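Okay, structure first, notes after.
Being a predicted model, the structure only gives us computed values, none of them experimental. Index from 1, following the sequence.
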Amino acid sequence: MALQLYRIPQFRGINQSACENSIDAGESPDARNMDTAGGRLSVARGYARHHDAVHPAPADVLRMGVWHAGGVRRFLTATAEGWQALAETGAAWETLAAFDAPAVQADFQTVKIGSDEYLLLAGGTQQVLKWDGASAAAEPFGSAAQLSDVPAGLLELYYSRLFAAGDPAHPCRLYWSCAPGDARTVEDWSQNAASPNVGGGHVEVGTDSDPITGLFALSNQLLIFKRDSLYRLLGDRPGNYRIYPVSASMAQPAHTACVRVADVLYFLTAAGLYYFDGQTVRRAPDADKIQDFLAGADLSDCRAAACGDRLYFAVRTGAGAANDAIVVYDLSRRTYMIRDGFTVCGLCADGGVLFLLTGEGRVCRFDEGEDYDGAPITAYWRTPMTDLGGKIAVKQLRELYLRGSGGVIAVEAISNGLTVFFDRLMPATLNDVLEAKLSGDGRAFCLRLSNEFGTHFTVDGGVELLFDAQRRVL
């Protein structure tokens, strides 16, 4: 026999891109509700209720956003029926406007009209609405005389002009407003024969059989997502507008699955994480790290938000109609983690805080507290099933050593198809080392670390496992 040490120096993220025997010991093929910031393994924080008001129809929410007006932060949602708003100082959600026909997509945009700021609300089934943040209800934006009474469903600002798309009668048409200045405002979409470069207008992008599904402005171009293709508009005025198709192999995202960070657009699809690098779309080099998870997920209604150095994508994994898991991508560490055990009806970020609208209709602050608004967190981390490059040797598990803090940690040692289970109270201080006897043997093994009854723990400084390796005598 020969005593050997298996060591996990630090914890990273989920990796499903290769055989478990080939991935790093600090990565996991399967983990939920864990956090590995700083190389530690911790039960992730939960979310805390931000407001007691209950949304009238959380399951029907198409978009969620935040708007500051008059010194008050308001949460906004769009459902198939209309727009709702919740002021932090208010007691309940209020209806801003009702749609003439059920909306299938929704968008909003903050603009200046003259010297006043408005929030534009688009539902794709009626004329765009505008709201000043003080009136009891929203009012129509634009007019037929200004050619801006279009039932658009997508809005974006680019070089101070308002761009719009999603007109059911012209699904591939891209509209733009006049350049603000003098007596002109973004409510005027008419052309100016005397000075075309300050006037509004429109153009057909591709064909109607390939409708526009998303608009996203970067610093020097406007990205135009279509159902089966992608275009980009370059130029800062109608006289030098140029629209080019982007030749890239990609899976088309839902427009709600796209998020901008530092002039880069990221989006999640069933084929993994993609980004636009300024010229073309590229698939992230680590996109396969959650390929098994994405294979069983539905991203048709994926919701995305960026907060700090992390991207958050809400997806559906169960049989229900709502998103029930969040993929968390750390841009600085290039790691993926998965959070679940709750329902996500809306997602947005503001002031360095990620907000979600739960299935119960509550607005909550994510990554705060030790439970999910009162519900316990179920968390686990499984190490790779490995034979340590020695398939001929039988590994007899002996002892486990780790440092950390918190409550109870449950450990499962899995080898040769058998599982040995035990739980231990974490050390009182980081100076102490938790020692636990193990049993079981096999040519390959793995560990599963989990919490019990929603308890929180942190493993700091890695994990060491002592085992006997015995080569079979032929």
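Counting only heavy atoms from C-beta outward, the side chains of W381 and N451 never approach each other to under 4.5 Å. K226 has its side chain within reach of V205: a pair of non-hydrogen atoms, C-beta onward, lies under 4.5 Å apart. Looking at heavy atoms from C-beta onward, Y275 lies out of side-chain contact with V281 at the 4.5 angstrom threshold. Looking at C258 and Y266, their side chains never come closer than 4.5 Å, going by heavy atoms from C-beta outward. Residues D60 and E81 form a side-chain contact, since some pair of their non-hydrogen atoms from C-beta on lies under 4.5 Å apart. Side-chain contact between P384 and C446 is absent, with no heavy atoms from C-beta onward closer than 4.5 Å. Side-chain contact between L218 and L223 is present, with heavy atoms from C-beta onward closer than 4.5 Å. Looking at I243 and V203, their side chains come closer than 4.5 Å, going by heavy atoms from C-beta outward.
Contact detail for G142 and S148: the closest heavy-atom pair is CA-OG, 3.1 Å. Here the shortest heavy-atom pairing between I8 and G26 reads CG2-CA, 3.7 Å. For M337 against M34, the heavy-atom pair with the smallest separation is CE-O, 3.1 Å.
Atom CD of Q146 has more than 12 neighbouring heavy atoms from other residues, nucleotides or ligands inside a 6.0 Å radius.
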Using the rule given for ring-ring contact (aromatic ring centres under 6.0 Å, His included), can you reason through F313 versus F267, listing the C-alpha separation, both sets of side-chain angles and the distance that settles it, and then say yes or no? CA-CA 9 Å; F313 300 95; F267 54 92; 9.2 Å; no
Test ring-ring contact (aromatic ring centres under 6.0 Å, His included) on W93 and F75 and set out the steps. CA-CA 9 Å; W93 288 86; F75 297 94; 7.3 Å; no
Check against side-chain contact (heavy atoms from CB on, under 4.5 Å), K130 and E139: CA-CA 5 Å; K130 64 181 181 181; E139 58 182 299; 3.7 Å; yes
Worked check of side-chain contact (heavy atoms from CB on, under 4.5 Å) between T335 and R310: CA-CA 10 Å; T335 57; R310 292 183 174 184; over 6 Å; no
Begin from the C-alpha positions of Y329 and D286 and carry the test side-chain hydrogen bond (donor to acceptor under 3.5 Å, both in side chains) through to its verdict. CA-CA 11 Å; Y329 183 67; D286 52 16; 2.8 Å; yes
Verify side-chain contact (heavy atoms from CB on, under 4.5 Å) between R362 and R49, making sure each step is shown before the conclusion. CA-CA 7 Å; R362 309 280 190 181; R49 187 178 301 180; 3.5 Å; yes
Test side-chain contact (heavy atoms from CB on, under 4.5 Å) applied to H202 and L174, step by step: CA-CA 5 Å; H202 67 264; L174 177 69; over 6 Å; no
Show the numbers, then the answer: is there a side-chain hydrogen bond (donor to acceptor under 3.5 Å, both in side chains) between H55 and T77? CA-CA 9 Å; H55 192 280; T77 60; 2.8 Å; yes
Mind running side-chain hydrogen bond (donor to acceptor under 3.5 Å, both in side chains) on D167 and Y175 for me, showing each step along the way? CA-CA 9 Å; D167 180 354; Y175 298 90; 2.7 Å; yes
Decide yes or no on salt bridge (charged side-chain N to carboxylate O under 4.0 Å, His left out) for E368 and R45, but give the supporting numbers first. CA-CA 5 Å; E368 183 177 323; R45 288 174 291 181; over 6 Å; no
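With 3.5 Å as the limit, one finds a donor-acceptor pair spanning the side chains of Q279 and R232. Counting only N and O atoms by type, the side chains of S195 and N192 include no donor and acceptor under 3.5 Å apart. For the 3.5 Å distance criterion, the side chains of N33 and Y372 qualify, holding a donor opposite an acceptor. Remark: the H50 side chain and the R365 side chain contain an N/O donor-acceptor pair separated by less than 3.5 Å. Side-chain polar atoms of T458 and D460 form no donor-acceptor pair below 3.5 angstrom. At a cut-off of 3.5 Å, with distance as the only test, no side-chain donor of T95 or Q84 sits close to an acceptor on the other residue. Side chains of S143 and D149: no donor on one and acceptor on the other come within 3.5 Å. R382 and Y380 form no side-chain donor-acceptor contact under 3.5 Å, judged by distance and modelled atom types alone. Checked by atom type, the side-chain pair R333/T36 shows a donor-acceptor distance below 3.5 Å. At a cut-off of 3.5 Å, with distance as the only test, no side-chain donor of D35 or S42 sits close to an acceptor on the other residue.
The ring of Y336 has its center no closer than 6.0 angstrom to the ring center of F293. Remark: aromatic rings of F366 and F355 are distant, center separation not under 6.0 Å.
With hydrogens and angles disregarded, no donor-acceptor distance shorter than 3.5 Å links the side chain of E370 to the backbone of T455. Between the Q126 side chain and the D100 main chain, a donor and an acceptor come within less than 3.5 Å of each other. Remark: side-chain polar atoms of R227 are paired, donor with acceptor, to backbone N or O of S209 under 3.5 angstrom. A side-chain donor-acceptor contact under 3.5 Å links R74 to the backbone of G133. Side chain of R316 to backbone of D324: no donor-acceptor contact under 3.5 angstrom is found. In this structure a side-chain-to-backbone donor-acceptor pair under 3.5 Å is missing from T280 to A248. With R32 contributing its side chain and G341 its backbone, the two residues share no donor-acceptor pair below 3.5 Å. The backbone N or O of A137 lies less than 3.5 Å from no partner atom in the side chain of S135, so there is not a single donor-acceptor pair.
Rounding to the nearest 0.5 Å places CG of N15 at 12.5 Å from CG of D30. Put simply, CD on E204 and CD1 on I212 are 8.0 Å apart, with the number rounded to the nearest 0.5 Å. Distance check: R303 CZ to D301 CG gives 4.0 Å after rounding to the nearest 0.5 Å. With rounding to the nearest 0.5 Å, the separation of SG in C178 from CD in E187 is 11.0 Å. Taken to the nearest 0.5 Å, the CG atom of L233 stands 12.5 Å off from the OH atom of Y231. Interatomic distance, CG of L234 versus CG of N240, reported as 9.0 Å (0.5 Å rounding).
Salt bridge status for D330 with R12: absent, with no side-chain N to carboxylate O gap under 4.0 Å. Salt-bridge formation is not detected for the pair R161/D236: no Lys NZ or Arg NE/NH1/NH2 atom is positioned less than 4.0 Å from an Asp or Glu carboxylate oxygen.
Sequence neighbours left out, the pairs with a member in residues 256-275 that pass salt bridge (Lys or Arg N to Asp or Glu O under 4.0 Å) are E156-R260.
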Ignoring hydrogens and angles, write down the donor-acceptor pairs under 3.5 Å from the side chains of residues 103-125, residues two or more places apart or on other chains.
residue, atom, partner, partner atom, Å
D107, OD2, L155, N, 3.0
E117, OE2, W67, NE1, 3.1
T125, OG1, A101, O, 3.0

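Between Y158 and F163, the ring planes are perpendicular. Angles over 60° get that label, and only those under 30° would be called parallel.
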